[in-house]
Amino acid sequence: ALSTLKTLLYQIEQVNGFFYHFMDLRTGKRALKSEISIIDTAIAICGAITAGEYFGQGVKELAEILYRRVQWGWYRDPRSNQFYMSYTPERGFSGWWDFYAEQLIMYILGAASPTDSVEGDMFYSFVRQYNCDGHHSNFIYSWYGSLFTYQFSHAWLDMRNKLDREGVDWWKNSVAASESNHRFCVEQGEKFKGLGPFSWGLTACDGPWGYNGRYGAAPSGLYNNEHVVDGTVPPCGAAGSIVFVPQKSLSALQYYYEQYPNLWGKYGFMDAFNIDVSPNWFSRDVIGINKGITLLMIENYRTGLVWRYFMKNRYVQRGLKKVGVVEIVREPIIA
């Protein structure tokens, strides 16, 4: 943990405390002409904070240094009160986090920053688009309907029994989105033999024709996802929702393990598979971010360890308070 934090602090290229989306493993420099990424920086900070709370001492000190140097205000568009989507030295800022996705953690960290904070009301500045799939109560859906958008912030934020100031229960929102993704895959099972009640969880992953960030389930902010569905299934989709719909997730993982031995490798499940193409396709890649959400959510399901250490951090508690997230107060039951 110390070595990782020292590398991030002193050997990895950054701008105003933010990291590039991709970096060269050998040099620590920007790779693939990628963008300075606020969401990937936030994810790195979440990992650092969790490690700091777990190990304490030097790890905690370096994690705080890493967090303190991020200039959140620099990444904010004052006209929209939204974070920009990306920044490159060649083009400057482009796009905005203007729709719901995986970004909730950015507002918590930004609001709590001891060095360059943003206002907590940014938590309410993106579009919250509701839709009902006909089976469940309305939930706020994401742009592509990819399941990771309902999972990533929740890998660290324990949002159980909490509401924001507009009364949104983001935990229940992810439960509803996971249930909806499962139903969508069951329905699509009429077209694709690889989808069904035990094979679900559409999210960004490898596909037979390369990586696709648009895999997802309806509803979505951009289009009806049915024309993107091709039978590709990533195990991380169901695994990342194990805290939201445990039985459906466990059944899927057991099914993959028993039915598709080609899907299992040195690091557990490979990234994805598709039995609706000929010959059947099994990814040979293991993608770190998909393996990451699998490991984090399984540990939260087993012990709650990641939630427990992250949520005890004083900045996280400050950020939740600044954005207006509160515990649900339940009236005692009088016999």
Side-chain angles (χ1 to χ4, degrees), residues 1 3-25 27-53 59-77 81-98 101-120 122-123 125-126 148-149 151-157 204 213 287-290 292-293 296 306 310 313 315-316 318-320 322-323:
S3 295
T4 299
L5 289 171
K6 287 177 180 177
T7 299
L8 290 173
L9 278 168
Y10 307 124
Q11 297 180 345
I12 297 296
E13 187 175 2
Q14 51 82 34
V15 176
N16 294 328
F18 293 95
F19 296 111
Y20 282 98
H21 195 145
F22 294 106
M23 294 165 287
D24 188 287
L25 182 66
T27 66
K29 301 296 184 181
R30 176 194 187 192
L32 306 176
K33 295 184 178 180
S34 59
E35 80 284 4
I36 284 285
S37 173
I38 186 172
I39 185 59
D40 292 295
T41 299
I43 288 172
I45 297 296
C46 287
I49 286 175
T50 306
E53 292 295 332
V59 175
K60 187 168 185 176
E61 292 172 5
L62 291 182
E64 183 157 334
I65 294 172
L66 191 74
Y67 175 43
R68 281 175 169 268
R69 77 177 186 180
V70 180
Q71 298 179 28
W72 302 94
W74 173 71
Y75 222 105
R76 171 182 171 270
D77 183 350
N81 196 32
Q82 295 168 344
F83 284 123
Y84 291 106
M85 179 65 68
S86 69
Y87 173 87
T88 62
E90 298 83 5
R91 299 187 303 274
F93 288 109
S94 62
W96 298 269
W97 287 90
D98 56 1
E102 71 274 22
Q103 80 270 34
L104 297 185
I105 192 60
M106 299 188 324
Y107 309 116
I108 308 298
L109 295 175
S113 171
T115 53
D116 188 33
S117 64
V118 295
E119 293 299 320
M122 288 191 72
F123 193 86
S125 64
F126 61 87
F148 80 89
T149 57
Q151 298 170 347
F152 276 16
S153 282
H154 292 270
W156 293 276
L157 287 172
I287 297 179
I289 200 164
N290 287 348
I293 194 62
L296 289 167
V306 182
F310 183 77
N313 179 266
Y315 296 115
V316 174
R318 179 194 297 176
L320 288 167
K322 287 190 69 174
V323 303

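Computed from a prediction, not measured in an experiment: that's the story for all the values here. Note: hydrogens, waters and symmetry copies are ignored here, and every other heavy atom, side chains too, is used.
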So which heavy atom on G120 is nearest to which on A111, and how close? CA-CB, 4.2 Å
Considering only heavy atoms from C-beta outward, does the side chain of S117 approach that of K322 to under 4.5 Å? yes
Please name all residues satisfying ring pair (Phe, Tyr, Trp, His ring centres under 6.0 Å) with Y87, sequence neighbours left out, ordered by chain then number. W74, F93
Can you name the residues that form a side-chain hydrogen bond (donor to acceptor under 3.5 Å, both in side chains) with R76, not counting sequence neighbours? N81
Could you tell me which non-hydrogen atom of A155 sits nearest to which non-hydrogen atom of L296, and how far apart they are? CB-CD1, 3.9 Å
State the OH-CD1 distance between Y315 and I49, to the nearest 0.5 angstrom. 9.0 Å
Quick check for you: to the nearest 0.5 Å, what is the distance between M106 atom CE and F126 atom CZ? 9.5 Å
For D98, the side-chain hydrogen bond (donor to acceptor under 3.5 Å, both in side chains) test, sequence neighbours excluded, returns none
Can you tell me how far apart CG (L104) and CZ (F123) are? Round to the nearest 0.5 Å. 5.0 Å
Measuring from atom CG of L109 to atom CD1 of I45, what distance do you get when rounded to the nearest 0.5 angstrom? 7.0 Å
To the nearest 0.5 Å, what is the distance between CZ on R69 and CG on N16? 10.5 Å
Would you check if the side chain of Q11 reaches a backbone N or O of G28 as a donor-acceptor pair within less than 3.5 Å? no
Could you pull out all residues at least two apart from E102 that satisfy side-chain contact (heavy atoms from CB on, under 4.5 Å)? I39, W97, F148, T149, F152
Can you tell if the side chain of Y67 reaches within under 4.5 Å of the side chain of T115, non-hydrogen atoms only? no
Go through I43 and F19 one step at a time and tell me if the side chain to side chain contact (heavy atoms under 4.5 Å, CB included) criterion holds. CA-CA 11 Å; I43 288 172; F19 296 111; over 6 Å; no
To the closest 0.5 Å, what do you measure between CD1 (I65) and CG (L8)? 12.5 Å
Checking the side chain of E90 only, and the main-chain atoms of T88 only, is there a donor and an acceptor separated by less than 3.5 Å? no
How about I36 and Y84: do any of their side-chain heavy atoms sit closer than 4.5 Å? no
Closest non-hydrogen atom pair between V306 and W156, with its separation: CG1-CD1, 3.7 Å
Non-hydrogen atoms of S153 and Q103 that approach each other most closely: OG-C, 3.9 Å
Residues at least two apart in sequence or cross-chain that pass ring pair (Phe, Tyr, Trp, His ring centres under 6.0 Å) with Y20, listed by chain then number, are none
With the side chain counted from C-beta on, respond yes when D116 and V70 share a heavy-atom pair under 4.5 Å apart, and no when they do not. no
Do the side chain of R30 and the main chain of S34 share a donor and acceptor less than 3.5 angstrom apart? yes
Closest contact, heavy atoms only, A48 versus A63: O-CB, 3.3 Å
Ignoring hydrogens and geometry, is there a side-chain-to-backbone donor-acceptor pair from Q82 to S125 under 3.5 Å? yes
So Y75 and F18, would you call those rings parallel, tilted or perpendicular, with 30° and 60° as cut-offs? tilted
Looking at residues at least two apart in the chain, or sitting in another chain, which of them share a side-chain hydrogen bond (donor to acceptor under 3.5 Å, both in side chains) with T7? none
Residues D24 and A31: closest non-hydrogen pair is N-CB, 3.7 Å
Inspect the surroundings of CD in Q14 and state if more than 12 heavy atoms from other residues, nucleotides or ligands are less than 6.0 Å away. yes
